[in-house]
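Note that ligands are numbered from 1 as they come in the structure, with each ligand's atoms numbered from 1 the same way.
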Amino acid sequence: MRRGGEWFRDLGVKNSGGTKLFSVSGHVEKPGNFEVPMGMPFKELLEMAGGVWKGRKLKAVIPGGSSVPVVPAETMLEANMDYDGLSEIGSAIGAGSVIVMDETTCMVSVLERLTYFYHEESCGQCTPCREGTGWLYRIVKRINNGTGTLEDLDTLLDVANRIEGHTICALGDAAAWPVQSFLKHYRHEFEAKIPALNPPD
Ligand code: SF4
């Protein structure tokens, strides 16, 4: 307050002035809240949180809270933590809740947990969210259980696309974006759990 708005803005970068609180959780040695200048490279933020735990490699990051698209490690390690930087890599700064996942993470299990959350949180006012979030959860769950079909992958995307942009509040989009991005980047992990694609030797 003493130094004024311009001083604060100049701590950050163009279009993303000042500082931001990032809440780093997941597979890091020192999870916590970090107030850093906007535009800080993700690599530096990860170091502040002690790096990926147990000496493991980074697999993926959800940089803005569970509702924003997931980003593979190689892209995330080159990204900067500001509005433009995360938009350029197809994700968003969201609430600044950074979820770090190490190389052992099963992305199908992560998506099952996320879809369960949005299904539980849907207030039920609008049909695409009320019905669609249940469909998303049930389909991901059966894929994870090893009883999914190849058609389930198309149905998942179809349901997510029908929710996105067709609901009263942002929870609908928030439920759809993880599904779309997990399938975009980690479709092979979903396919690996579908019996028809993996017949026994
Ligand atoms: S999108 Fe929002 S308003 Fe609509 S059912 Fe979901 S939580 Fe309720």
Side-chain angles (χ1 to χ4, degrees), residues 15-16 20-27 31-33 38 59-72 75-76 79 81-101 105-187 189-191 193-194:
N15 296 333
S16 299
K20 181 162 177 65
L21 275 167
F22 287 104
S23 175
V24 184
S25 67
H27 299 159
N33 295 315
M38 280 283 209
K59 177 169 185 174
V61 177
I62 302 178
S66 68
S67 61
V68 309
V70 66
V71 181
T75 305
M76 200 63 219
M81 301 301 287
D82 59 78
Y83 289 98
D84 291 342
L86 293 173
S87 165
E88 281 163 14
I89 58 169
S91 193
I93 202 164
S97 308
V98 182
I99 303 169
V100 175
M101 290 169 267
T105 307
C106 168
M107 301 309 273
V108 184
S109 297
V110 174
L111 191 62
E112 182 183 335
R113 186 64 187 84
L114 293 179
T115 52
Y116 174 72
F117 170 75
Y118 288 106
H119 174 48
E120 282 291 303
E121 292 300 312
S122 173
C123 80
Q125 274 194 84
C126 38
T127 307
C129 175
R130 182 186 63 239
E131 302 299 326
T133 53
W135 274 90
L136 295 178
Y137 169 56
R138 289 190 297 274
I139 295 173
V140 177
K141 188 178 176 190
R142 70 174 173 243
I143 292 174
N144 204 18
N145 285 345
T147 56
T149 66
L150 190 52
E151 294 76 46
D152 280 342
L153 295 179
D154 294 334
T155 310
L156 255 187
L157 265 188
D158 188 40
V159 174
N161 293 341
R162 285 169 195 266
I163 297 173
E164 184 187 21
H166 299 110
T167 56
I168 298 171
C169 85
L171 191 134
D173 291 342
W177 290 341
V179 172
Q180 293 163 338
S181 63
F182 272 66
L183 280 175
K184 179 179 171 190
H185 296 297
Y186 301 100
R187 189 183 175 97
E189 292 196 26
F190 291 79
E191 289 177 349
K193 293 208 170 205
I194 293 175

Donor-acceptor pair, Ser122 side chain versus Tyr118 backbone, under 3.5 Å? no

Using the salt bridge (charged side-chain N to carboxylate O under 4.0 Å, His left out) criterion, which residues pair with Asp158? Sequence neighbours excluded. Arg162

Do we see a donor-acceptor contact under 3.5 Å between the side chains of Asp173 and Ser67? no

Charged N-O contact under 4.0 Å between Glu189 and Lys193: no

Sidechain-backbone polar pair: Lys59 side chain, Thr105 backbone, donor-acceptor under 3.5 Å: yes

At what distance, to the nearest 0.5 angstrom, does CG of Asn33 lie from OG of Ser97? 8.5 Å

Protein N/O/S atoms under 2.8 Å from atom 6 (Fe) of ligand 1: how many? 1

